[in-house]
Amino acid sequence: MGIAADGKTIATLSLYMDEIALFNPVYKLVSYKDERELAVRHILDSASGEGVIASLLTEDRRVADLGSGAGLPGIVLAILMKDVAFTLVERMARRVDFLRNVVAKCRLDNVEVLAEDVGSLRRTFPLVTFRAFHQLGDIMKPLDRILADGGKVCAYKARKDYVEDELKGLEGWSHRMVPLCVPSLEGERLMLVLERKEV
């Protein structure tokens, strides 16, 4: 995948997977049938956006992961990008508890967890990402409010035709689709990059 990862990084990702496996039977964090599917469908899929996100970062190296859930993609990206500050936004209490446990267990000094609904968030961020979250039409107003001037939205998406349907009627935003490579994952994966059009 072209991502630099030393032994400590791999060990931290493994510890994160162990925490998901431990809590998932009760917390119902993510859907998977075995360790391989967890690794490919969730961990590698989240990691696949690292290059796109890294290329869009400015001097203000802050990223918000909206509806973080089990920490996908935010925790994975934070493990890989230790010099970037990640804010995981999650409204469900048990998922917030899980995320805070993972941050402590994995010693992720570059991560904070906010127990908030996206609609009530009062901060702005230069880059916002999300995966398996709402349809674009449902969240563009809160996204517009929390995105800093000149900011970018990086949405993990699947099939291009589905994305094109979501983009219909979306005014005031420019976009591009960047293909993502996820080894052993069948089907199309891409990063939809959105930014406000200049007026």
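Computation of the quantities below employed the complete heavy-atom set of this structure, encompassing side-chain atoms and omitting hydrogens, waters and symmetry-equivalent molecules.
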Checklist entry - According to the interplanar angle, ranging from 0 to 90°, do the rings of Phe133 and Phe130 count as parallel (below 30°), tilted (30 to 60°) or perpendicular (above 60°)? => result tilted

Checklist entry - Are Arg94 and Asp97 within salt-bridge range, i.e. N to O under 4.0 Å? => result no

Next on the checklist: Connecting only ILVMFWY residues whose side-chain heavy atoms lie within less than 4.5 Å of each other, what is the rest of Leu15's hydrophobic cluster?
Outcome noted: none

Next on the checklist: So which atom in Val128 and which in Phe125 form the shortest heavy-atom distance, rounded to 0.1 Å?
Outcome noted: CG2-CB, 4.2 Å

Checklist entry - Take atom CD in Glu37; do more than 12 heavy atoms of anything else shown fall under 6.0 Å from it? => result yes

Next on the checklist: Could you check whether atom CG of Asp83 has more than 12 heavy atoms from other residues, nucleotides or ligands sitting under 6.0 Å from it?
Outcome noted: yes

Next on the checklist: Starting from Tyr162, can I reach Met140 by hopping between I/L/V/M/F/W/Y residues whose side chains sit under 4.5 Å apart?
Outcome noted: no

Checklist entry - How are the rings of His42 and Tyr32 set relative to one another: parallel (under 30°), tilted (30 to 60°) or perpendicular (over 60°)? => result perpendicular

Item to check | Presence of salt bridge, Arg62 and Asp60, under 4.0 angstrom | outcome: yes

Next on the checklist: Checking side chain to side chain contact (heavy atoms under 4.5 Å, CB included) between Thr129 and each of Val52, Ile53, Leu56, which is the one that passes?
Outcome noted: Ile53

Checklist entry - Hey, what do you get for OH (Tyr156) to CZ (Arg189), rounding to the nearest 0.5 Å? => result 8.5 Å

Item to check | Atom CZ of Arg107: over 12 foreign heavy atoms under 6.0 Å | outcome: no

Item to check | Flag if over 12 foreign heavy atoms under 6.0 Å of NZ, Lys160 | outcome: no

Next on the checklist: Could you check whether Asp18 pairs with Lys105 (Lys NZ or Arg NE/NH1/NH2 to Asp/Glu carboxylate O, under 4.0 Å)?
Outcome noted: no

Checklist entry - More than 12 non-hydrogen atoms from neighbouring residues, nucleotides or ligands closer than 6.0 Å to CZ on Arg196, yes or no? => result yes

Next on the checklist: What I want to find out is whether Arg36 reaches Asp34 closely enough, with some N-O distance under 4.0 Å, to be called a salt bridge.
Outcome noted: no

